[in-house]
Amino acid sequence: MKKIFILNASRRRKGNTTKLISSVTEKLKDFDIEIAHPQDFNIKTCLGCHKCFIKAGCVQRDDLPLLAEKILNSDLLILASPVYLHYMTGELKMILDKLAWWAHTLRLQGKPVVLLSTCSTNGQDTVIKPLGEIMNYMGGNVIATANASMVPDQINNLEWLDSVSEEISSRITKSIIDYPKANIFTEKIFSANRISMLEQVSYFEDNGIKNGELEFWKSSGMLEFETFSEYLAYKYQNKES
């Protein structure tokens, strides 16, 4: 059964963001769906030490590896957040800060991603837009986005909610049965990061330095491919055969 992991970054478990999520999930049948909140995990704030870029992982001992495992083991990721001061919640940003090395390794590996947000009267794209950029840098393939506002009243407009949720659930169903894909943004990011990694190979090897990000590029096989699409096709088609 395909797995969908949902991270609801709202501080209110029964707020508008939950309502938007529920309108989507109730249309999804025959999927293993797990919903979590940042407060379900003990996650320490980022130290800004940059060691994650060297070790390909945060050096602090907390629940981040557990959350990361849930994200990576899912077949599709849904991130949702209300608008707080024209941005995502601090809890979600903190989690993404702690996973910064994913942006150098395209760690989501083409995973389909859905982005949802809720707001009062404005900020319709102030969560969706930056989250979309971050997901691209992390190698995710954003297949659908939606914001529900209170003014105009979309969150309580059942017809509007049903229409948007139907479209999103349809895209999810189509995307989740296929293998992860690249898009025009992740292709550009892959190309730039690959060039950077290739330029660093000699330096790290000559100085006997083990770099976690470079090791991930090597072990995953990404260094061997010119495009992200070719890499993903090889990886997942071979995995299924």
Side-chain angles (χ1 to χ4, degrees), residues 1-41 43 63-82 88-89 91-93 95-96 98-99 102-103 106-118 127-128 130-148 155 160-183 185-186 232 235-237 239-240:
M1 183 178 292
K2 295 289 186 176
K3 296 181 180 179
I4 297 176
F5 181 70
I6 303 171
L7 183 61
N8 179 358
S10 176
R11 295 168 192 166
R12 297 193 301 156
R13 292 181 182 272
K14 297 182 180 180
N16 290 335
T17 306
T18 296
K19 186 172 184 178
L20 178 57
I21 291 171
S22 297
S23 71
V24 174
T25 56
E26 67 184 13
K27 294 182 179 297
L28 297 171
K29 308 300 181 182
D30 301 321
F31 294 114
D32 179 1
I33 300 175
E34 180 179 0
I35 302 176
H37 295 75
Q39 55 265 39
D40 297 334
F41 305 89
I43 298 179
D63 290 340
L64 184 66
L66 174 61
L67 176 57
E69 182 181 16
K70 290 179 179 294
I71 293 173
L72 295 176
N73 286 344
S74 69
D75 297 291
L76 184 139
L77 171 66
I78 298 178
L79 292 180
S81 173
M88 68 190 77
T89 62
E91 289 86 349
L92 179 55
K93 181 59 168 63
I95 290 168
L96 296 174
K98 300 253 294 179
L99 296 173
W102 284 15
L106 291 89
R107 190 65 185 88
L108 290 178
Q109 300 283 279
K111 186 186 301 293
V113 179
V114 173
L115 305 176
L116 304 176
S117 68
T118 55
V127 166
I128 297 297
L131 261 185
E133 293 174 348
I134 292 171
M135 289 300 100
N136 283 328
Y137 276 108
M138 289 185 169
N141 181 28
V142 179
I143 62 165
T145 66
N147 175 83
I155 196 66
W160 183 90
L161 272 180
D162 185 70
S163 175
V164 170
S165 299
E166 186 65 42
E167 175 62 26
I168 293 175
S169 64
S170 176
R171 294 189 189 186
I172 289 175
T173 301
K174 291 177 182 177
S175 298
I176 205 169
I177 62 174
D178 202 353
Y179 67 84
K181 297 293 182 67
N183 58 45
F185 304 106
T186 54
L232 290 173
K235 176 180 178 179
Y236 288 101
Q237 287 175 359
K239 184 178 180 180
E240 294 175 358

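As the structure is a prediction and not an experimental result, all values here were calculated from the model.
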What are the two closest heavy atoms between [X] and [Y], and how far apart are they?
X	Y	value
N16	I155	O-CD1, 3.4 Å
I21	A80	CD1-CB, 3.7 Å
K98	L64	CB-CD2, 3.6 Å
S175	P112	CB-CB, 4.2 Å
N183	G140	ND2-O, 3.9 Å
I71	S74	O-OG, 2.7 Å

Under the side chain to side chain contact (heavy atoms under 4.5 Å, CB included) rule, collect the residues that match up with [X], sequence neighbours excluded.
X	result
K27	D162, S165, E166, S169
I134	M88, L96, M138
E133	K129

Can you measure from [atom1] ([X]) to [atom2] ([Y]) and round to the nearest 0.5 angstrom?
X	Y	atom1	atom2	answer
L7	F41	CG	CZ	7.0 Å
L67	E69	CG	CD	10.0 Å
L108	Y137	CG	OH	14.5 Å
I6	L77	CD1	CG	9.0 Å
L115	L131	CG	CG	5.5 Å
L20	S117	CG	OG	8.0 Å

Can you check whether [Y]'s main-chain N or O pairs, donor with acceptor, with [X]'s side chain at less than 3.5 Å?
X	Y	answer
T89	S81	no
K111	L72	yes
T25	S22	yes

| Does NZ or CZ of K181 lie under 6.0 Å from the centre of the six-membered ring of Y179, at an angle within 45° of the ring axis? | yes

All side chain to side chain donor-acceptor pair (under 3.5 Å) counterparts of [X], not counting sequence neighbours:
X	answer
T18	N8
K3	none
S10	none

I want to check something: taking the side chain as every heavy atom from C-beta on, are [X] and [Y] in contact at a cut-off of under 4.5 Å?
X	Y	value
L76	R171	no
I78	L116	yes
V114	I4	no
R107	L99	no

| Verdict with supporting geometry, E91 and H37, side chain to side chain contact (heavy atoms under 4.5 Å, CB included) | CA-CA 9 Å; E91 289 86 349; H37 295 75; over 6 Å; no

| task | Check the pair L161 / K19 against side chain to side chain contact (heavy atoms under 4.5 Å, CB included), numbers first and verdict last. | result | CA-CA 9 Å; L161 272 180; K19 186 172 184 178; 4.2 Å; yes

| message | Under the criterion side chain to side chain contact (heavy atoms under 4.5 Å, CB included), I'd like the reasoning laid out for Y236 against D178: C-alpha separation, chi angles, the key distance, then a yes or no. | response | CA-CA 10 Å; Y236 288 101; D178 202 353; over 6 Å; no

| Step-by-step side chain to side chain contact (heavy atoms under 4.5 Å, CB included) determination, I95 to I43 | CA-CA 8 Å; I95 290 168; I43 298 179; 3.9 Å; yes

| Is the CG atom of N73 crowded by more than 12 outside heavy atoms at less than 6.0 Å? | yes

| said: Between the side chains of K70 and D63, is the shortest nitrogen-to-carboxylate-oxygen separation below 4.0 Å, so that they form an ion pair? | reply: no

